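Written below as structure tokens is the structure these notes are about.
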Amino acid sequence: MTSAPAQRPAACVLGAVPGTGFEGQRIGIVDLDSAGQKIGRIDLAEADLPEFVRDREDGAGGDPCEPGGARPRWVLSDTAKWCPPLLAAGVSLERCHDLRLAHAILARSELVTAPEAVRAASEWDAAPADAAAPEQAAALFDVDAGRGFIPQVPHDLEAALAEYARQTAAIETAGDPGRLRLLLAAESAGGLVAAEMRAAGVPWDEAEHDRILTELLGPRPIRDGKPQKMLAKAEEVREALEDPRVNLDSPNRLLASLRNAGINVASTSKWELQTSEHPAIAPLLEYKKMARLLSANGWHWLDEWVDDGRYRPVYVPGGVVTGRWAASGGGALQIPRQLRPALRADEGWRLVSADVAQLEPRALAAMSGDRAMAEAGFGKDLYSGLVDAGVVATRQEAKIAVLGAMYGSTTGEAGALVPRLRQNFPAAMHLVDSAAEAGRQGGVVSTWLGRTSPPPGEGWQRLQRAANRFDATGADEQRARRAAGDQGRFTRNFVVQGTAAEWALAWLADLRLRLARLPEIEATSEATASGPVFSRRAHLVFFLHDEVIVHAPTEQAEDAAEAIRAAAASAGRLLFGDAPVDFPLDLSIGERAIKD
DNA sequence: TCTGGTTGCGCG
DNA sequence: AAAGCGCGCAACCAGA
């Protein structure tokens with residue numbers, strides 16, 4: 001082991017050092033200065049890593065914005081792999097560069113002028129490690145039932161150094177390095193937040209969850225039977241259909257039974273059933289709602305995902321091509337509103353919930369520089385703003401028009417309303433219309449910070465070629481047109497959804513640092529379920545596209561709320577400078593996270 | 001009995 | 001069978 005570096009490193013690259021005998025896995029750390037030059041190298045036992053990182057984080061002190069006093073940026077193969085053991089040992093990283101997440105962005109970004117070297121390092125093109133099965137994720141290749149091999153990225157030091165050098169070179173020669181750096185920093189911070197939220201868990205009131213299930217479905221059945229209220233509701237439906245044996249869980253048989261009862265529907269989906277007045281419909285819709293609750297978030301889900309008063313879903317940062325997060329297991333992105341009351345703060349703590357009203361149209365107004373659209377939403381509900389500005393007659397119309405513009409609606413009510421937006425907000429509409437045109441042509445588009453859409457696949461290209469052949473049939477042309485339209489709606493939405501996701505990541509990243517600067521409180525007995533890093537301070541527990549929930553000691557709740565607001569303002573400035581767009585929050589503090 | 005594809009619905 | 005984007009998941013179902 002070498003001595004501490006003479007100067008503070010700007011970055012510390014972490015990685016495993018190949019087998020050295022009996023002392024177990026060893027970890028190497030290479031210190032880099034701000035120019036990327038090596039200024040130190042340290043080796044230590046894996047067990048000593050948390051202590052080492054803690055020293056670097058605590059010892060640095062000072063203002064992180066100030067180069068001399070900054071803590072290092074930790075360069076890691078994969079946040080989902082390195083963070084959990086550190087968090088378990090009570091150590092968190094202030095900043096990192098996640099090589100896997102960064103690689104995915106850089107290999108595709110239009111801003112990167114020389115992507116070849118990054119793309120050639122295909123061992124970094126990896127599906128995210130499955131955090132739900134960490135022991136399997138350690139293997140180089142996973143055999144995953146049905147999905148084949150899932151390659152994992154390399155975790156050794158030499159590979160990390162080489163990849164970091166490739167990425168740094170790609171960023172430096174990029175068209176707009178500042179934007180890319182911002183994007184990669186935000187993406188990596190998201191990786192830290194995801195690992196930390198999983199470690200902390202959402203405080204979950206199992207008794208309240210059980211009470212809700214019992215109230216709506218009846219008491220928990222013995223074994224895997226259906227609860228009593230559900231059985232009764234099913235009986236009601238069968239009587240109304242005069243079909244005592246029909247299986248309501250089988251769409252095919254249910255559809256046949258509905259037809260026999262004279263109900264003329266093409267499917268058993270909710271929206272279509274709603275158009276019928278038959279007495280079987282109301283109880284059937286209720287039954288479907290009950291069945292959904294039972295299978296998606298019933299007692300079985302509770303047993304599997306909630307433990308020790310904490311719900312710990314698996315988040316997948318960067319899991320959606322637009323940059324949104326995905327989830328893998330636990331259904332973190334689909335917690336039904338019915339169960340919101342089950343999110344409950346610990347004794348002596350509060351939940352601070354906040355969401356951004358109309359995030360996507362605001363992101364569109366900001367990135368397109370559409371002053372009229374920005375003004376319509378400034379300081380108020382954007383949809384009502386459109387009504388006030390005389391663009392549409394009602395708030396509902398405004399919503400349909402705006403969603404239609406972002407999703408590419410061409411028919412129905414939305415199709416009729418979108419032209420009014422085109423007239424009133426030409427800059428915003430030009431941006432999404434151009435993105436759609438690029439997609440129809442088979443091209444790619446990029447978000448505000450430079451995340452680029454995936455090009456259409458080989459199948460898509462084949463369809464277009466087939467339609468251009470001299471012997472193409474009408475059906476060929478129709479298929480190709482249809483596929484081109486689909487791709488156009490995808491790229492249209494990509495720039496908006498992706499830029500909104502960037503704003504949300506910047507919000508999250510800034511909020512995380514603000515919360516980490518709040519003082520620690522006296523330990524309370526209950527919150528220890530949040531783990532050593534989070535049991536004495538306000539911390540993030542939930543994030544869903546445009547919404548955050550912070551679990552905060554009661555005496556810190558107001559400070560946490562202020563941090564959420566300040567982070568939102570800061571994210572807007574960071575991405576869009578002085579553009580006259582604001583991102584107003586609906587914020588509430590309470591024992592439970594109730595919305596509406 | 002296993003499995004890939006489809007349906008339906010929850011979230012933004 | 002949504003018009004109009006992005007997801008995950010459970011259940012059913014047809015074919016192996």
Side-chain angles (χ1 to χ4, degrees), chain A residues 132 144-148 224 226 247-255 264-276 284-285 287-298 300-301 304-305 313-340 355-361 363-364 399-418 432 435-436 439 445 447 453-454 485-501 503-504 542-548 595:
Chain A
D144 182 82
R147 284 189 297 170
D224 289 334
K226 282 181 186 166
N247 175 7
L248 302 183
D249 300 323
S250 167
N252 280 353
R253 292 173 220 189
L254 176 58
L255 186 60
N264 187 24
V265 286
S267 80
T268 63
S269 63
K270 193 167 68 174
W271 73 270
E272 184 157 3
L273 291 175
Q274 276 163 350
T275 63
S276 170
L284 176 55
L285 291 174
Y287 174 85
K288 284 164 89 77
K289 197 164 175 70
M290 294 163 112
R292 167 74 195 186
L293 178 62
L294 178 67
S295 73
N297 298 99
H300 184 250
W301 179 90
E304 188 172 359
W305 289 100
V314 180
Y315 296 99
V316 186
V320 180
V321 285
T322 58
R324 275 188 173 184
W325 288 14
S328 150
L333 279 56
Q334 309 152 247
I335 299 300
R337 286 171 168 276
Q338 284 173 305
L339 286 181
R340 282 298 177 118
D355 69 286
V356 195
Q358 305 101 29
L359 174 57
E360 292 190 353
L364 172 57
K399 195 170 175 178
I400 288 170
V402 168
L403 292 179
M406 294 189 304
Y407 295 164
S409 305
T410 55
T411 64
E413 195 181 356
L417 289 168
V418 170
V432 287
V445 294
T447 60
S453 65
D486 288 348
Q487 187 67 16
R489 284 191 303 281
F490 167 64
T491 51
R492 170 191 292 273
N493 188 245
F494 182 95
V495 293
V496 180
Q497 189 182 112
T499 300
W503 182 91
F542 192 69
F543 167 61
L544 183 53
H545 309 320
D546 62 356
E547 171 188 7
V548 295
K595 293 210 329 185

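Because the structure is predicted, anything quoted here is derived from the model rather than measured. Reckoned from all heavy atoms, side chains included, excluding hydrogens, waters and symmetry mates. The chains referred to below are lettered A, B, ... by the order of the sequence lines, with proteins before strands, and numbering in each begins at 1.
For the side-chain contact (heavy atoms from CB on, under 4.5 Å) test, residues two or more places apart in sequence or in another chain that qualify with A:Ser250 are A:Asn247, A:Asn252, A:Arg253. Applying the side chain to side chain donor-acceptor pair (under 3.5 Å) criterion to A:Gln358, with sequence neighbours excluded, gives A:Arg362, A:Asp381. Residues forming a salt bridge (Lys or Arg N to Asp or Glu O under 4.0 Å) with A:Lys226 (at least two apart in sequence, or on another chain): A:Asp249. The side-chain contact (heavy atoms from CB on, under 4.5 Å) check on A:Ser409 picks up A:Ala414, with sequence neighbours excluded. For the side-chain contact (heavy atoms from CB on, under 4.5 Å) test, residues two or more places apart in sequence or in another chain that qualify with A:Tyr407 are A:Leu403, A:Asn493. Residues satisfying the ring-ring contact (aromatic ring centres under 6.0 Å, His included) criterion with A:Phe543, sequence neighbours excluded, are A:Trp325. For A:Arg292, the salt bridge (Lys or Arg N to Asp or Glu O under 4.0 Å) test picks out no residue, with sequence neighbours left out. In this view, A:Ala332 and A:Tyr311, A:Pro313, A:Tyr315, A:Ala327 satisfy the side-chain contact (heavy atoms from CB on, under 4.5 Å) rule, not counting sequence neighbours. By the side chain to side chain donor-acceptor pair (under 3.5 Å) test, A:Glu413 pairs with no residue at all, sequence neighbours left out.
The CD-P distance, from A:Gln274 to C:dA1, rounds to 17 Å in whole Å. Between A:Trp325 atom CH2 and B:dC11 atom C1' the separation is 16 Å, expressed in whole Å. Note: CG (A:Leu255) to C1' (B:dT6) measures 15 Å, nearest angstrom. Between A:Leu285 atom CG and B:dG10 atom P the separation is 10 Å, expressed in whole Å. Taking atom CE of A:Met290 as the reference point, atom C1' of B:dG8 lies 18 Å away to the nearest angstrom.
The side-chain heavy atoms of A:Gln334 and A:Asn297, taken from C-beta on, include no pair separated by under 4.5 Å.
OP1 or OP2 of B:dG8 lies within a sub-4.0 Å distance of a side-chain N or O belonging to A:Thr268. Between A:Arg337 and B:dC9 there is no side-chain polar atom (N or O) within less than 4.0 angstrom of OP1 or OP2. Taking 4.0 angstrom as the limit, A:Lys270 places none of its side-chain polar atoms (N or O) nearer than this to OP1 or OP2 of C:dA2.
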Discussion item. For nucleotides 3-9 of chain C, give me one character per nucleotide, 5' to 3': B if any protein heavy atom sits under 4.0 Å from the base, S if the only such contacts are to the sugar-phosphate, - if neither.
Written reply: SBBBSBS
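Comparing the P positions of C:dG6 and C:dA2 gives a spacing of 16 Å, expressed to the nearest Å. Here, B:dG12 and C:dG4 have their P atoms 22 Å apart, quoted to the whole Å. Nucleotides C:dA14 and C:dA1, compared at atom P, are 16 Å apart to the nearest Å.
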Close N or O pairs between protein and nucleotides 12-16 of chain C (under 3.5 Å):
| from | atom 1 | to | atom 2 | distance (Å) |
| --- | --- | --- | --- | --- |
| C:dC13 | OP1 | A:Ser250 | OG | 2.1 |

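If you take NE2 on A:His545 and CD on A:Gln497, they are separated by 7.5 Å, rounding to the nearest 0.5 Å.
Along DNA chain C, the nucleotide closest to A:Ala296 and the one closest to A:Trp271 are compared, and the more 5′ of them pairs with A:Trp271.
A:Ala504 approaches A:Leu359 most closely through the heavy-atom pair CB-CD2, 4.5 Å.
DNA chain C forms stems at B:1-12 with C:5-16, each a run of 3 or more consecutive Watson-Crick or G-U wobble pairs whose two key distances fall under 3.5 Å.
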